[in-house]
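Report on the structure given below.
Only this structure's heavy atoms are used, side chains among them; waters, hydrogens and symmetry mates stay out.
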Amino acid sequence: MVRLRLSELIVNRTVAGVRAAESNYVFLSPPEQLKTRLLGRRFLEILRHGKYLLLALDDHSRLLVHLGMTGQLFTSSALSPRLHNARSQPKPNANGAFTPDQHTHLTLSFTDNRAQLHYRDCRKFGKLLWLPQGASDPRLERLGVDALAVTATTLYKALSSRSVPVKSCLLDQSVLAGVGNIYADEALFQARVAPLRPARSVNYEQAKILTQAIRRVLKKAILRGGSTIDDYVHPDGSEGQFQNSFSVYGREGKACPRCRTPIQRVVIGQRSSHFCPKCQC
DNA sequence: ATCGTTGCCTGAGGGC
DNA sequence: TGCCCTCAGGCAACGA
């Protein structure tokens, strides 16, 4: 969804100015290099693999972007309380528009003088990396097949060799790229598979159902514009709506939408996991 | 090859 | 009021 909306906002625009923060945890490329390499470049298209965005430039270099948990990519015309009142409270300027604060790591302005693009991440879990023409990165090379393209056979093979909980496998980006904590819980619920089950105990038929559930959950989430909990916003400042459709995630103690049994929460691999103890086995 | 743990990072919220 | 603690989680790196 970010890819789609961002495409509308920056494809075919040419960078006229780059403001980068001091070197910090989000900069895998030195800020000075980003300034030099992005200036004067035009965006051709935006691609996505798993949770990574690839912004293709007209010199065939690419800007790799990961939003982490709290990363925000949006334009200066975006108006959202998520930008003005959420974490760290950046203040709107006199026009009510966003002005870069201490968490805004990169700002691009364009030759058409229309809205700027900001990259903001208060927890610095996101990443920015400039890739020369033809270059890749281990982060990309390691990724498994994109979750929206996964087949039952691929998922079954990946699960069958592992003893860890199936939930941990779904979160492993080298197995399946693009599934995060929320969507893993929701997909396991849809497929009626308990998150703690050893991955290798999932048979082919169940892997097939799980594959379909993953695709369905992700597609529905994209359709609803993603999940806004604390920080997530679209490039235009609007918010996702999928958080209103959660069946299990964040619903500990509340009724399972299928059988009314209270949803349970357990910690798996340091991640909170939510499931229905009756429906999922 | 697989597995479990730790560190990175900031803000919110709870307890005292 | 203020201080300390825990929690949120995507991912790399490490040792076993």
Atom-to-atom span, [atom1] of [X] to [atom2] of [N] - whole angstrom:
X        : N      : atom1 : atom2 : value
A:Leu171 : C:dA8  : CG    : P     : 14 Å
A:Leu159 : B:dT2  : CG    : P     : 12 Å
A:Leu28  : B:dC9  : CG    : P     : 13 Å
A:Asp137 : C:dA12 : CG    : C1'   : 11 Å
A:His66  : C:dC11 : NE2   : C1'   : 7 Å
A:Glu252 : C:dC7  : CD    : C1'   : 13 Å
A:Arg123 : C:dC7  : CZ    : C1'   : 9 Å
A:Leu67  : B:dT10 : CG    : C1'   : 17 Å

Worksheet item: Does A:Arg162 have a side-chain nitrogen or oxygen under 4.0 Å from the phosphate oxygens OP1 or OP2 of B:dA1?
Response: no

Discussion item. Any side-chain N or O of A:His103 below 4.0 angstrom from OP1/OP2 of B:dG11?
Written reply: yes

Worksheet item: Which comes earlier along DNA chain B counting from the 5' end, the contact point of A:Ser161 or that of A:Lys124, where each point is its nearest nucleotide?
Response: A:Ser161

Discussion item. Here's a test of your reading of the structure: between A:Gly269 and A:Asp121, which maps to the more 5' nucleotide of DNA chain B?
Written reply: A:Gly269

Which part of the nucleic acid does [X] contact within heavy-atom distance under 4.0 Å: base, sugar-phosphate only, or nothing?
X        : result
A:Tyr249 : sugar-phosphate
A:Lys127 : nothing
A:Arg200 : nothing
A:Gln270 : base
A:Ser163 : sugar-phosphate

Worksheet item: Rounded to the nearest 0.5 Å, how far apart are CG of A:Leu170 and CG of A:Leu155?
Response: 6.5 Å

Give the nucleotide from the list [options] with an atom nearest to the side chain of [X].
X        : options                : answer
A:Cys122 : B:dT10, B:dG4, C:dG10  : B:dT10
A:Gln173 : C:dG10, B:dC3, C:dC11  : C:dC11
A:Arg265 : B:dG4, C:dC7, C:dC11   : C:dC7
A:Gln102 : B:dG11, C:dA12, C:dG10 : B:dG11

Worksheet item: Does the distance from a Lys or Arg side-chain N to an Asp or Glu carboxylate O, for A:Arg37 and A:Asp59, drop under 4.0 Å?
Response: no

Item to complete: Before accepting this row, confirm whether a basic side-chain N of the pair A:Lys35/A:Glu32 lies closer than 4.0 Å to the acidic partner's carboxylate O.
Response: yes

Worksheet item: What dot-bracket string describes DNA chain C from 5' to 3', counting Watson-Crick and G-U wobble pairs whose defining distances are under 3.5 Å, with [ ] for crossing pairs and | for pairs to another strand?
Response: .|||||||||||||||

Worksheet entry | CA sep, side-chain torsions, deciding dist, call: A:Arg48, A:Asp146, side-chain contact (heavy atoms from CB on, under 4.5 Å) | CA-CA 9 Å; A:Arg48 182 191 64 77; A:Asp146 188 85; 2.9 Å; yes

Worksheet entry | Under 3.5 Å donor-acceptor, A:Ser160 side chain and A:Tyr156 backbone | yes

Practice prompt. Measure from the side-chain N and O atoms of A:Gln72 to the backbone N and O of A:Asp231, and report whether any donor-acceptor pair falls under 3.5 Å.
Written response: yes

Discussion item. Let's test your reading of the model: under 3.5 Å, does the base of B:dC9 pair with the side chain of A:Tyr25 as donor and acceptor?
Written reply: no

Practice prompt. May I ask you to verify whether the side chain of A:Arg139 and the base of C:dA12 hold a donor-acceptor pair under 3.5 Å?
Written response: no

Fill in: A:Phe242 ring center near A:Tyr183 ring center (under 6.0 Å)
yes

Discussion item. Do A:Val166 and A:Gln206 have side chains that approach each other closer than 4.5 Å (heavy atoms only, starting at C-beta)?
Written reply: no

